[in-house]
Amino acid sequence: MKKIALLAFTTLLLVACASQNIGPNVNGNGYMADGYDVTEYFNDNATEGFDRYSTTYNGAKYKFVNQNNLDKFKANPEKYEPQYNGYCAYAVGAQSKKISINPESYEIRDGKLYLFYDNIFADTKKKWDEEGPEQLQSKADENWKTLKNN
């Protein structure tokens, strides 16, 4: 009986670990971009939204600073949805990896939102700019075709 229980536990653990990176890059509360208002990025503004202005789209919750931004998102979510399911654009392009982001590190390029990892040890937005955004964007688009399901 112990062997069966251990086997069942191990199987569940493996399934949980394998599926951990599938789906959108959301925080512990299920919010994309750590709860920052994705429409505000298009105003060159990284601002955290409020719970009272929230919605769900493609398996992620989104917060907004006001009803107007929520309505804009609902009218055209594809315009505001972060590229690569909200994972770091640089990591997807340069390393073919899904890495979390700093919601204050972003870029609007060709009308699309790209998010990046940034802390005291690494600034992937800076690397993105230095190594060539066009090339990395193209590589990230290609990598994402297989990475998005892994």
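Note: the hydrophobic cluster containing Tyr57 does not contain Val26 (ILVMFWY, side chain heavy atoms under 4.5 Å, direct or indirect links). If you chain together hydrophobic residues whose side chains sit under 4.5 Å apart, Tyr84 and Tyr117 never meet in one group. Hydrophobic clustering, with ILVMFWY side chains joined whenever heavy atoms are under 4.5 angstrom apart, groups Leu113 together with Val65.
A donor-acceptor pair under 3.5 Å is formed between the side chain of Asn143 and the backbone N or O of Gly93. Without hydrogens or angle criteria, Asn102 side chain to Asp118 main chain gives a donor-acceptor distance under 3.5 Å. With hydrogens and angles ignored, the 3.5 Å screen pairs a side-chain donor or acceptor of Ser54 with a backbone N or O of Asp51.
With ring centers used as reference points, Tyr31 lies 6.0 Å or more from Tyr62.
The environment of NZ in Lys61 is crowded: more than 12 heavy-atom neighbours from other residues, nucleotides or ligands sit within 6.0 Å. The number of heavy atoms from other shown groups lying within 6.0 Å of CD (Glu131) is above 12.
Residue Ile108 holds its CD1 atom at 9.5 Å from CD of Gln83, rounded to the nearest 0.5 Å. One finds the OH atom of Tyr87 at 11.0 Å from the CD1 atom of Ile101 (value rounded to the nearest 0.5 Å). Remark: Thr146 OG1 to Asn150 CG distance equals 6.0 Å, nearest 0.5 Å. Rounded to the nearest 0.5 Å, atoms CG (Asn68) and OG1 (Thr39) are 8.0 Å apart. Note that CG of Leu115 is 11.5 Å distant from CD of Glu104, once rounded to the nearest 0.5 Å. One finds the CD atom of Gln95 at 10.0 Å from the CG atom of Leu136 (value rounded to the nearest 0.5 Å).
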- Show your reasoning for whether side-chain contact (heavy atoms from CB on, under 4.5 Å) applies to Lys98 and Leu147. CA-CA 8 Å; Lys98 293 180 183 176; Leu147 192 59; 4.0 Å; yes
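Taking the side chain to side chain donor-acceptor pair (under 3.5 Å) definition, one finds that Gln137 meets it with Tyr114, sequence neighbours left out. Partners of Tyr80 according to the ring pair (Phe, Tyr, Trp, His ring centres under 6.0 Å) rule, which considers only residues two or more places apart in sequence or in another chain, are Phe42. Residues that satisfy the ring pair (Phe, Tyr, Trp, His ring centres under 6.0 Å) test with Tyr106, not counting sequence neighbours, are Tyr41. Not counting sequence neighbours, Thr124 has no partner by the side chain to side chain donor-acceptor pair (under 3.5 Å) test. Remark: Glu48 engages Tyr36, Lys63 in a side-chain contact (heavy atoms from CB on, under 4.5 Å) (not counting sequence neighbours). Here Phe50 pairs with nothing under the ring pair (Phe, Tyr, Trp, His ring centres under 6.0 Å) rule; sequence neighbours left out. Asp34 meets the side chain to side chain donor-acceptor pair (under 3.5 Å) test with no other residue; sequence neighbours excluded. Applying the ring pair (Phe, Tyr, Trp, His ring centres under 6.0 Å) rule to Tyr90 yields no partners; only residues at least two apart in sequence or on another chain are considered.
Residue Ile120 shares its hydrophobic cluster (ILVMFWY side chains chained together at separations under 4.5 Å) with Phe121.
Checked by atom type, the side-chain pair Asn85/Asn25 shows no donor-acceptor distance below 3.5 Å.
For residues 136-145, every residue pair satisfying the salt bridge (charged side-chain N to carboxylate O under 4.0 Å, His left out) rule, not counting sequence neighbours, is listed here: Glu142-Lys145. Among residues at least two apart or in separate chains, there is no salt bridge (charged side-chain N to carboxylate O under 4.0 Å, His left out) pair with a member in residues 65-83. Contacts classified as salt bridge (charged side-chain N to carboxylate O under 4.0 Å, His left out) and involving residues 105-115 (residues at least two apart or in different chains) are given here: Glu107-Arg109, Glu107-Lys125, Arg109-Glu134.
Between Pro103 and Ala46 the shortest heavy-atom distance is O-CB, 4.0 Å. Heavy atoms only, all atoms of each residue included: Ile99 and Ala91 are closest at CG1-CB, 3.3 Å. When all heavy atoms are compared, the tightest approach of Pro24 to Gly59 is CG-O, 3.6 Å. Annotation for Ser100 and Cys88: closest pair O-CB, 3.9 Å, computed over non-hydrogen atoms.
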